[in-house]
Peer 1: 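One structure is given below, represented as structure tokens, and several questions about it will come after.
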Number of protein chains: 2
Amino acid sequence: MFDSRTTLAWSQDEHGVPAAVCKDCAVRQDSLCGTLGDQDLSALHKLGRRRHLHRGEAIAWAGEESRDCANILSGILKVSALTHDGREQIVGLLYPSDFVGQPFMGSFDFTVTALGDAEVCIFPRSDFERFLSTRNHLTQALLRRTFDTLSDARKRMLLLGRQSASERIADFLLQMLDRTGGCSASAGGPVTFDLPLSRGAIADVLGLTIETVSRQMTKLKIAGVIGLPGGRTVTIVKREELRHVANAA
Amino acid sequence: MFDSRTTLAWSQDEHGVPAAVCKDCAVRQDSLCGTLGDQDLSALHKLGRRRHLHRGEAIAWAGEESRDCANILSGILKVSALTHDGREQIVGLLYPSDFVGQPFMGSFDFTVTALGDAEVCIFPRSDFERFLSTRNHLTQALLRRTFDTLSDARKRMLLLGRQSASERIADFLLQMLDRTGGCSASAGGPVTFDLPLSRGAIADVLGLTIETVSRQMTKLKIAGVIGLPGGRTVTIVKREELRHVANAA
DNA sequence: CGACTGTTTGATATATATCAATAAGAGTGG
DNA sequence: CCACTCTTATTGATATATATCAAACAGTCG
């Protein structure tokens, strides 16, 4: 495994910035670290280390003391809740540059699992709390992120409580389109991209069953709104029509 | 209307603490203000004013620039989202001592409305932001509150996505029991309290219809788990049985 | 008392879950 | 490169929970 602290030993520039690691970090600008100056970045860097997560591996468990915080470098993680009889609801998705963890909070009520292979930049929670305590602007940045996450969660509450299966699927596809960007042959034309989630995971995000997800997708395919070339690939053919089906707020 | 600033003029103790207002404030200890010392409390007090809200009155509107932050003094407010065709989902309930608003965030995507008459201690957002900026411990306290709110929202996502109507109702009743405390004739015996929400509001919280809420309640009554003496009054007869029905995480 | 709002109850419709089978990929090892 | 297993996805038949439509029934406030 790649250990960032080792790298620090042999490569940092005159400001003490860990050159080979944070400066080259793909998510540096978009992550919480983006607000940090060189000095602080270097200090934070010393607290963290990179870690690879295999598909299905967890970094936080519902009900347990939360030991770490992390920035996502690559891959997608799910935040999920379970009923005691095993039904699952995915209550959040974490993408590269997203922050995981709850500084200043003892326990965390959800499980965080890598949906595919992933890489994270991980910090012991107590170290991270100490780091935050003397940097109000960073606490503020985290607060802003948390408000955003809360708004997302609440929007999905509307989805789960009040929208039909077709609305949920359309909404989900549009969100995925925004996320991935996708690839289009001609401007304004059909856009193709791969869903980063299995049908089962989509069902757990949308509060549906696998079968309903599948059926709604083929319904959209038959209607000519999307294409399903196979696997997890989707083509958005009529984006406006899809937006119309989504019908959201 | 009662203006707290007027009070400040004629009653504060030697530390500059607004005696008749903040010191006597019913929610002082439980609210965000609870973390403040006398100096800071006095400074914050100057920024805010009390405001009475009539039943149905809103203090924030979805999609609009959020002008204010506030502490709830009395009453219950709802945070709600609407689909464009008018279906409503209540995505949060605010009780006395709860904080409303999103400092450092321009817009707010939900509407906040008083369910009954209510009183709030309201601050212009920009003033409150300036106040927070120089007080890291307060920013931290707000961050902790926001994490709690997020956890609540996510737990309700599990409820909305994966639980049956009877589970939702049982869960809701237990939460209300915890909130209100209720009143019991004998320890461990039946507990009676008034629901602060109409059937319609309960339906909007739980993602159900009024009729389903009503039916599930009478089902619990017939089963002898609860009593419904009339109006919004509920008696919890078999708390363990109710917990069993709730079946939660 | 009568209009009104909120609640309960009933009959029926419908969306989605459930159960079940088939099909399509994706690895794995011979 | 071809079986072989495993997982994932699609499709079908049916069940069921909850929504919808509709009416009766309280409370409440003029």
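Numbers restart at 1 for each chain; the letters A, B, ... are given by sequence-line order, proteins then strands. This one's a predicted model, so the numbers in the text were calculated from it and none came from an experiment.
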Peer 1: Are A:Arg154 and B:Asp109 within salt-bridge range, i.e. N to O under 4.0 Å?
Peer 2: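 Salt bridge flag = no for B:Asp109 with A:Arg154.
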Peer 1: Pick base, sugar-phosphate or nothing for A:Ser198, based on heavy-atom distances below 4.0 Å to the nucleic acid.
Peer 2: sugar-phosphate
Peer 1: Both A:Arg162 and A:Val213 contact DNA chain D. Which one's nearest nucleotide lies toward the 5' end?
Peer 2: A:Val213
Peer 1: Check this for me, if you would: do A:Arg162 and A:Glu167 make a salt bridge, where the nitrogen-to-carboxylate-oxygen distance has to be below 4.0 angstrom?
Peer 2: no
Peer 1: B:Asn71 and B:Ser31: side-chain donor and acceptor closer than 3.5 Å?
Peer 2: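 No, no side-chain donor-acceptor contact under 3.5 Å.
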Peer 1: Counting heavy atoms from C-beta on, name the nucleotide in C:dT16, D:dT18, C:dT7 closest to the side chain of A:Ala165.
Peer 2: C:dT16
Peer 1: Please give me the minimum heavy-atom distance between A:Val225 and A:Glu241, naming the atom from each residue.
Peer 2: CG2-CG, 3.5 Å
Peer 1: Quick test: give all pairs of protein nitrogen or oxygen and nucleotides 20-24 of chain D nitrogen or oxygen below 3.5 Å, distance rounded to 0.1 Å.
Peer 2:
unit_1	atom_1	unit_2	atom_2	d
D:dT20	O4	B:Arg215	NH2	2.9
D:dC21	N4	B:Glu211	OE2	2.9

Peer 1: Looking at A:Arg28 and A:Asp30, is there a salt bridge between them, counting it only when a charged N and a carboxylate O are closer than 4.0 Å?
Peer 2: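 Salt bridge: no.
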Peer 1: Output one line per pair: protein atom, nucleotide atom from nucleotides 26-30 of chain D, and distance, for all N/O pairs under 3.5 Å.
Peer 2:
none

Peer 1: Picking from D:dT8, D:dT10, D:dT18, which would you name as closest to the side chain of B:Leu208?
Peer 2: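 Within the option list, the nearest is D:dT18.
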Peer 1: Starting from the C-alpha separation in whole Å, work towards a yes-or-no answer on side chain to side chain donor-acceptor pair (under 3.5 Å) for B:Thr209 and B:Thr212.
Peer 2: CA-CA 5 Å; B:Thr209 58; B:Thr212 303; 2.9 Å; yes
Peer 1: Do B:Ser214 and B:Glu211 meet the criterion of a side-chain donor-acceptor pair at a distance under 3.5 Å?
Peer 2: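 Result is no, nothing qualifies.
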Peer 1: At how many degrees, to 10°, do the end axes of the helix from C:dC1-D:dG30 to C:dG30-D:dC1 meet when each uses five pairs?
Peer 2: 40°
